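Take a look at the structure set out below.
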Amino acid sequence: MTPAFFDRPAEAVARDLIGAVLTVDGVGGRIVETEAYDGEDPASHSYRGPTMRNAPMFGPPGRAYVYRIYGLHSCFNIVCDAAGSGSAVLIRALQPMEGLDVMQARRGVSARAQLCSGPGKLCQALAIDARLNGAPVTAPPFRLGAATEPVKVAHGRRIGISVAVETPWRFAEAGSPFLSRPMQGKIA
DNA sequence: GGCATGATGGCCT
DNA sequence: GGCCATCATGCCA
């Protein structure tokens with residue numbers, strides 16, 4: 001996967017990332033849930049323009065934007081669309097594939113369906129933290145491979161936000177048991 | 001199953 | 001000072 005893949009609107013990238021395989025130092029799995037955000041979007045960190053915290057969102061596409069939320073959890077985004085639009089895709093859930101034992105140890109949980117079923121959980125499982133903020137996801141320790149087979153993608157409302165709740169920019173593999181929450185949208 | 005709550009840090013008004 | 005793109009736990013039904 002090349003940086004050009006990410007140089008598109010976040011909503012398109014978010015959809016196309018479903019089924020892609022993401023690992024950090026060989027630990028990870030298939031992306032099954034994402035959300036798109038951009039600078040026009042009141043729910044986005046980039047909505048009010050660049051700040052120290054959200055600076056990576058206004059940088060080159062294909063880089064990581066990692067932030068801390070509620071003081072304890074990390075969330076992992078991939079920056080999209082150059083031209084300073086402040087867009088990114090939040091990775092919300094993975095289907096664990098590689099390094100299950102490592103993820104279980106980091107999470108303190110053994111059930112596969114709970115290792116990466118949420119943005120904070122997958123960061124803990126893959127050991128993603130502020131160290132990787134701004135790092136290109138197209139180079140080690142990241143590995144990111146496009147989906148190899150067609151995936152049924154559903155979309156619906158995003159989770160955990162209080163504004164722009166009508167913007168249906170959450171994408172997920174239909175019927176996957178590895179989601180943070182069940183999908184209620186329509187098949188795309 | 002659902003709902004309430006605490007942990008805990010940086011950013012914004 | 002208040003607000004979060006969260007998670008785990010505990011209580012009640």
Side-chain angles (χ1 to χ4, degrees), chain A residues 6 9-15 17-18 22 24 28-29 31-59 61 63-81 85-96 102-134 137 153-173 176-185:
Chain A
F6 301 99
E11 140 197 26
V13 175
R15 184 188 306 107
L17 278 176
I18 303 297
L22 168 73
V24 177
I31 297 173
V32 294
E33 182 179 345
T34 61
E35 284 180 1
Y37 291 86
D38 75 21
E40 312 266 292
D41 176 2
S44 174
H45 289 179
S46 58
Y47 183 58
R48 292 166 212 281
T51 66
M52 196 69 69
R53 177 214 210 181
N54 66 20
M57 288 188 84
F58 292 90
R63 310 287 265 263
Y65 167 46
V66 182
Y67 64 89
R68 214 162 174 64
I69 184 124
Y70 300 114
L72 31 155
H73 303 290
S74 295
C75 289
F76 171 58
N77 300 250
I78 302 177
V79 177
C80 297
D81 200 18
S85 66
S87 64
V89 173
L90 171 66
I91 309 299
R92 286 194 58 89
L94 302 182
Q95 173 178 350
V102 176
M103 293 194 273
Q104 286 165 339
R106 287 174 180 159
R107 292 268 301 116
V109 171
S110 58
R112 188 157 165 243
Q114 292 171 35
L115 288 178
C116 300
S117 56
K121 297 180 187 179
L122 77 89
C123 282
Q124 187 180 17
L126 305 210
I128 294 172
D129 61 25
R131 292 185 346 261
L132 293 172
N133 193 27
V137 302
V153 178
H155 62 103
R157 293 182 172 197
R158 292 174 294 181
I159 293 178
I161 57 174
S162 54
V163 293
V165 294
E166 301 303 324
T167 307
W169 278 1
R170 178 184 180 221
F171 300 89
E173 178 176 24
S176 170
F178 299 100
L179 306 183
S180 62
R181 292 176 47 178
M183 206 58 201
Q184 4 206 12

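Just so we're on the same page: letters track the sequence lines, and every chain starts at 1. Computed from a predicted structure; not experimentally measured.
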Heavy atoms under 4.0 Å, any strand shown: does A/Gly120 hit a base, just sugar-phosphate, or nothing?
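It contacts sugar-phosphate atoms only.
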Look at all strands and tell whether A/Arg158 reaches a base, only sugar-phosphate, or nothing, counting heavy atoms closer than 4.0 Å.
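Here A/Arg158 touches no strand at all.
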Of all the choices, [options], which nucleotide is nearest to the side chain of [X] once you look at every atom?
X: A/Leu72; options: B/dT8, C/dA5, B/dC12; value: B/dT8
X: A/Asn77; options: C/dA5, C/dT6, B/dT13; value: C/dA5
X: A/Arg107; options: C/dC7, B/dT13, C/dA5; value: C/dC7
X: A/Lys121; options: B/dC12, C/dC7, C/dA5; value: C/dC7

Do [X] side-chain atoms and [Y] backbone N/O form a donor-acceptor pair below 3.5 Å?
X: A/Glu35; Y: A/Arg92; answer: no
X: A/Arg15; Y: A/Val153; answer: no
X: A/Glu33; Y: A/Ser180; answer: yes

Residue pairs, two or more places apart or on separate chains, that pass salt bridge (Lys or Arg N to Asp or Glu O under 4.0 Å) and touch residues 69-81 of chain A
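Sorted pair list comes back empty.
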Figure out the [atom1]/[atom2] separation between [X] and [N], and round it to whole Å.
X: A/Tyr47; N: B/dT13; atom1: OH; atom2: P; answer: 12 Å
X: A/Tyr67; N: C/dT6; atom1: OH; atom2: P; answer: 6 Å
X: A/Asn133; N: B/dG10; atom1: CG; atom2: P; answer: 13 Å
X: A/Arg181; N: B/dC3; atom1: CZ; atom2: P; answer: 11 Å
X: A/Met52; N: B/dC12; atom1: CE; atom2: P; answer: 9 Å
X: A/Ile69; N: C/dG2; atom1: CD1; atom2: C1'; answer: 14 Å
X: A/Arg68; N: B/dG10; atom1: CZ; atom2: P; answer: 8 Å
X: A/Glu33; N: C/dT6; atom1: CD; atom2: P; answer: 10 Å

In whole angstrom, give me the gap between the C1' atoms of B/dG10 and C/dA8.
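22 Å, rounded to whole Å.
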Determine the interatomic distance between P on C/dA5 and the same-named atom on B/dT13; round to the nearest Å.
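Going atom to atom, P in each nucleotide, I get 14 Å.
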For B/dG9, is there a stacking contact with A/Tyr70, counting only centres under 5.5 Å and planes under 30°?
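Whether judged by distance or by angle, A/Tyr70 falls short somewhere, so it does not stack on the base of B/dG9.
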Report yes if at least one side-chain N or O of [X] is closer than 4.0 Å to OP1 or OP2 of [N]; otherwise report no.
X: A/Arg53; N: B/dG9; result: no
X: A/Arg92; N: C/dT6; result: yes
X: A/Thr51; N: B/dC12; result: yes

Minimal non-hydrogen separation, A/Arg158 against A/Ala36, with atom names:
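Looking at all heavy atoms of both residues, the shortest contact is NH1-O, 2.9 Å.
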Please assess A/Gln95 against A/Ser176 for the test side chain to side chain donor-acceptor pair (under 3.5 Å), listing each intermediate value before the final yes or no.
CA-CA 8 Å; A/Gln95 173 178 350; A/Ser176 170; 5.2 Å; no
For C/dA13, which nucleotide is its Watson-Crick or G-U wobble mate, given both distances must be under 3.5 Å?
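Pairing partner: none.
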Both distances under 3.5 Å, Watson-Crick or G-U wobble: report the partner of B/dC11, or none.
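Paired with B/dC11, as far as the under-3.5 Å criterion goes, is C/dG2.
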